[in-house]
Amino acid sequence: MKLRFLSIFAAAALLAACESAPSDTGKTGGTGVTTPSQSGGSAGIVKGSKEDFVANVGDRVFFDFDKYNVRADAKATLDKQAAWLKAYPNYSLTIEGHADERGTREYNLALGERRANSVKEYLVGAGVAASRVKTVSYGKERPVALGSNEAAWSQNRRGVTVLN
Amino acid sequence: MSRIRSIAALVAVFVVSIVAAGSVAAEVRIDITRGQMKPLPIAIPDFAGSSAQESQIGKDIARVVSADLERSGLFKPIDPKAFIQTVASLQVQPRFPDWKAINAEALVQGKVEGTGDGRVRVEFRLWDVFNEAYMTGWTLSASPADWRRLSHKVADAIYKRVTGENGYFDTQIVYIAESGPKNDRKKRLAIMDQDGEGHRFLTDGAELVLTPRFSPSSREITYLSYYRGVPRVYIFNLDTGRREALGNFPGMTFAPRFSPDGNKVVFSMAESGNTEIYEMNLLTRQKRQLTFNPAIDTAPSYSPDGAQIVFESDRGGGQQLYIMGADGSNANRISFGDGRYATPVWSPRGDLIAFTKQKGGQFFIGVMRPDGSGERLLAEGFLVEGPTWAPNGRVLAYWRESPSDERGRGQSVRLYTIDLTGVNERVLLTPLDGSDPAWSPLIP
């Protein structure tokens, strides 16, 4: 499953081209954040940078099928996101809501919007200024995992916090 | 010619009923209200022409008419190699025994003539072979470049005369052309004739576009675009090539459809986790909210008279179909079967609503009456979605997607058509993968 992390780290690598390339797997997981996008290999990442957020905080949370409530296991990630965002108040952010492919297109656009909004409400509730936060739904249009199976779908039902 | 019976007199005829020559024969007729049983054998010789250009157009017309009728599943064009009477001789007079001998029940006779001013005049006649009777025909002149449309009009006239229903061949389909890996899919607005010819792209793939739908004039398309990263409803004008946002809204707008009179667009707006249905009056530019419910209310589609809207909502817990007045009044649930119901589309005839259904891990395309009765499932698969009606309400198009492995291999996304009776499912070939088809009305 290497491929699905490439886009995140390709962006990070471009921004931090002078630094050592970050790990392209999530296998180390030293920070205890339960997202696959984090990397324990944070050496050389500038604190407060976008790559710091992705690698050491975790930029995404996952949802159950056809649900949009923030799961218990997502709250730890969002709490860390909120703390980080309060420490670095210059970033505005866009929360992307995504759905798996097991729904119809228009419903999934609406579901993705609900998910993005759930993440936004959680972050705002945790003290992030609402004026910093925008949302966008991609429905089922932007999967990260390519398979047509539950393992892939569970990764595609996600809310991703993108720093602007 | 009195042996041609009126259509009204032929109520119970199934497919084609031919009584032996010598007695009174029933007219060539297909009843398409039941499952199609046996396609009608029809002979479609080349249309005659006296110059090389006319003859070429005549050949092309016969080929396109034949392909249209064959694809409908209701006609079986006979291989021209079997023809006995020549095209030249046919122009003098059909020799019916020659056509009976190859079991042709209907015969198309046509010719192409230059008009002297750069245009061509196309004439055709449809013959009932066993009754040796004229059934229909016309003469039209047009630019030679319009030969495809003329062909589709011939096919429409034959379809209408034989089935009693309007044709659907002189129409277009707008859809989303897809390419690239599943996690970096390029999507482009594309348009083509209903037979896949005349294909062209309307957008370049720089931004994600989804769910195009025709205006009643067929000259405008409303769709969703992520232009500049913001998902909004746009209207694309096919004559000017210009694109215009439906309006400025605080939330994501999507799921647009024109009203039958073309004066309104109904759509959804999602804001703060709630999706509601709105209408935009294109004349006054006034927006009106039609649903007021914390649920996801989306996929609205007008009844042909514009008085009602069918839509999907999860207000009852899961996705189900509802009908309300066009002003948002009196929403009533109509779907009560097992599973989830989505993407309702009202038939242009008004008699049925097509939908996507999810049940037991599978997707289905189905139809039901507007009161929710008579549900029938027509197509099934890992993913089938997004039905759209041919303008005669007898054929549906939708798309079918296959599952992929973890590297994205195996995925294909294709357009299909199927007869309302659930038979004759056909791939609609497109240069790239295709989804979100929308069928135009008959081109004026």
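Each chain gets a letter, A, B and so on, in the order the sequences are listed, and its residues count up from 1.
- Counting heavy-atom pairs under 4.5 Å between each of B/Lys187, B/Gln411, B/Glu401 and chain A puts B/Lys187 at the top.
- Here A/Asp64 does not pair with A/Arg157 in a salt bridge; the nearest charged N to carboxylate O distance is not below 4.0 Å.
- Contact annotation for A/Arg105: both backbone and side-chain heavy atoms come within less than 4.5 Å of a heavy atom of chain B.
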- Verify side-chain hydrogen bond (donor to acceptor under 3.5 Å, both in side chains) between A/Asp79 and A/Tyr122, making sure each step is shown before the conclusion. CA-CA 9 Å; A/Asp79 286 336; A/Tyr122 191 95; 2.8 Å; yes
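- Residue contact with chain A, scored on non-hydrogen atoms closer than 4.5 Å, involves the side chain of B/Thr298 exclusively.
- For B/Glu178, the part lying under 4.5 angstrom from a heavy atom of chain A is the side chain only.
- Heavy-atom pairs under 4.5 Å with chain B peak, among A/Ser148, A/Gly139, A/Ser137, at A/Ser148.
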- Message: What verdict does the side-chain hydrogen bond (donor to acceptor under 3.5 Å, both in side chains) test give for B/Ser272 and A/Asn117, after you've listed the backbone C-alpha separation in whole Å, the side-chain angles of each residue and the deciding distance to 0.1 Å?
- Response: CA-CA 6 Å; B/Ser272 304; A/Asn117 191 64; 4.7 Å; no
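- Note that B/Arg340 lies in the cation-pi zone of A/Tyr107, set by a 6.0 Å cut-off to the ring centre and a 45° limit from the axis.
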- Item | B/Glu279/B/Ser259 under side-chain hydrogen bond (donor to acceptor under 3.5 Å, both in side chains): CA gap, chis, key distance, verdict | CA-CA 9 Å; B/Glu279 70 167 36; B/Ser259 62; over 6 Å; no
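- Only the side chain of B/Asp314 has a heavy atom closer than 4.5 Å to any heavy atom of chain A.
- Using a 4.5 Å cut-off between heavy atoms, B/Ser404 touches chain A through backbone and side chain atoms alike.
- In this structure, B/Phe267 has its ring center closer than 6.0 angstrom to the ring center of B/Phe249.
- Residue contact with chain A, scored on non-hydrogen atoms closer than 4.5 Å, involves the side chain of B/Tyr226 exclusively.
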